[in-house]
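Accompanying notes for the structure given below.
Computed over heavy atoms, backbone and side chain alike; hydrogens, waters and symmetry mates excluded. Every number for a ligand or one of its atoms is a count from 1 in the order of the listing.
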Amino acid sequence: MLCTWKTSDLQLLLILTVFLVAALSMVGKQNDSKRLAEVNSSQPVRVDTKIVLSCHPIPTSVLVTWEIILRDKPLCTKAYRSDNNVTKEVNCTDKRITWAFRPDQNSSLLIDPVAITHDGYYRCLKATPDGNFHRGYNLQVLGKEHHILWYFRSYLG
Ligand SMILES: *[C@@H]1O[C@H](CO)[C@@H](O)[C@H](O)[C@H]1NC(C)=O
Ligand SMILES: *[C@@H]1O[C@H](CO)[C@@H](O)[C@H](O)[C@H]1NC(C)=O
Ligand SMILES: *[C@@H]1O[C@H](CO)[C@@H](O)[C@H](O)[C@H]1NC(C)=O
Ligand SMILES: *[C@@H]1O[C@H](CO)[C@@H](O)[C@H](O)[C@H]1NC(C)=O
Ligand SMILES: *[C@@H]1O[C@H](CO)[C@@H](O)[C@H](O)[C@H]1NC(C)=O
C-alpha cells in the first residue's frame with residue numbers, strides 16, 4: 001500500500017518536472033518582437049499641466065483605438081480608421097482629452113489641462129497587417145497637495 005503511494009508520488013513528480021521544463025523552454029523561445037508588442041508603463045503627471053501619450057510607434061496601421069478607463073466613468077473609446085480616414089468616439093464626454101495631432105498623421109492622445117479625474121488607465125491598440133500592437137499607460141495624477149508637501153519637506157530640510 002505504502003509502496004504504491006510512493007510510486008504514484010514519484011510519477012506525479014516526474015510529470016510535474018517534465019511539464020515545468022517544457023513550460024520554461026517555451027518561455028525562453030518566446031519571440032522577442034511578440035513580447036515588445038505589449039507595453040505597459042506608469043506615467044506620473046501633475047495637475048494643470050498637459051501630457052501627450054504616444055501610441056505604439058509602428059507606422060502602418062489600419063485601425064488605431066484608444067480606450068480610456070477612468071474611475072466612475074464609462075469606458076471611452078476613440079478610434080481612427082485609415083482605410084476610410086474616419087474617426088469615431090463612443091462614451092467620450094471629456095473635452096480635455098483629444099487626439100494630439102491629426103490622427104491620420106500621428107496617433108498620440110493629448111490631455112490638456114490634466115485634472116485629478118484623469119487618473120486612470122489609457123490603452124492604445126494599433127491593428128496592422130502584421131498583428132496587434134498595444135501600449136498602456138497607468139496615469140497617476142499628482143495633486144497640488146504633493147507640491148505643498150514637497151515645499152514643506154524642503155523647508156524643513
Ligand atoms: C518573430 O516574429 C517576427 C514577426 O512576428 C518575425 O519576423 C521574426 O522572424 C520572429 N523571430 C523569431 C526568432 O522567431
Ligand atoms: C496593463 O495594465 C492594465 C491595468 O492596470 C492591466 O489590466 C493589464 O493586464 C496590463 N497589461 C500588461 C501586459 O501588463
Ligand atoms: C460605453 O459605455 C458602456 C457602459 O460603461 C460600456 O459597456 C461600453 O463598452 C462602452 N462602449 C465603448 C465602445 O467604449
Ligand atoms: C483625412 O480627412 C481630413 C479631413 O477630414 C483631411 O484633411 C486629410 O487630408 C485626410 N487624410 C487622408 C490621409 O486622406
Ligand atoms: C507623434 O507625436 C509624438 C509626440 O510629439 C512623438 O513622440 C511620436 O514619435 C509621433 N509619432 C509619429 C508616428 O510621428
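- In this structure, S82 contributes its side chain and N85 its backbone to no donor-acceptor pair below 3.5 Å.
- Residue-ligand proximity, P74 to ligand 3, at heavy-atom distances under 4.0 Å covers atoms 2 (O), 4 (C), 5 (O).
- Annotation: disulfide (SG to SG under 2.5 Å) contacts involving residues 99-140, sequence neighbours excluded, comprise C55-C124.
- For ligand 3, the atoms sitting less than 4.0 Å from at least one non-hydrogen atom of N91 are 1 (C), 2 (O), 3 (C), 8 (C), 10 (C), 11 (N), 12 (C), 14 (O), numbered in the order shown with element in parentheses.
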Going by atom type alone, with no hydrogens or angles, which donor-acceptor pairs under 3.5 Å involve a side-chain atom of residues 105-112 and a protein atom two or more places apart or on another chain?
from: N106; atom 1: OD1; to: S108; atom 2: N; distance (Å): 2.8
from: N106; atom 1: OD1; to: S108; atom 2: OG; distance (Å): 2.6
from: S107; atom 1: OG; to: K126; atom 2: NZ; distance (Å): 3.4

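- Counting only N and O atoms by type, the side chains of N138 and Y122 include no donor and acceptor under 3.5 Å apart.
- The distance from the CD1 atom of I116 to the CZ atom of R71 is 9.0 Å, given to the nearest 0.5 Å.
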Would you list the atom pairs, donor with acceptor, under 3.5 Å between side chains in residues 86-100 and any protein atom, with sequence neighbours excluded?
from: E89; atom 1: OE2; to: K78; atom 2: NZ; distance (Å): 2.8
from: N91; atom 1: ND2; to: L75; atom 2: O; distance (Å): 2.8
from: D94; atom 1: OD1; to: R96; atom 2: N; distance (Å): 2.9
from: D94; atom 1: OD1; to: R96; atom 2: NE; distance (Å): 3.0
from: D94; atom 1: OD2; to: R96; atom 2: NH2; distance (Å): 3.2
from: D94; atom 1: OD2; to: H118; atom 2: NE2; distance (Å): 2.8

Practice item. Please report the C-alpha distance between Y121 and Y137 in whole Å, then the side-chain angles of each, then the deciding distance to 0.1 Å, and finally whether the side chain to side chain contact (heavy atoms under 4.5 Å, CB included) criterion is met. Key: CA-CA 6 Å; Y121 183 56; Y137 294 92; 5.8 Å; no

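- Of all atoms in ligand 5, listed by their number and element, those nearer than 4.0 Å to a heavy atom of S108 are 1 (C), 2 (O), 3 (C).
- Nearest heavy-atom pair, K73 versus T117, reported as atom, atom and distance to 0.1 Å: NZ-CB, 4.1 Å.
- At a 3.5 angstrom cut-off on N or O pairs, C76 does not count as close to ligand 3.
- For ligand 4, the 4.0 Å heavy-atom shell takes in N85, R102, D104, ordered by chain and residue number.
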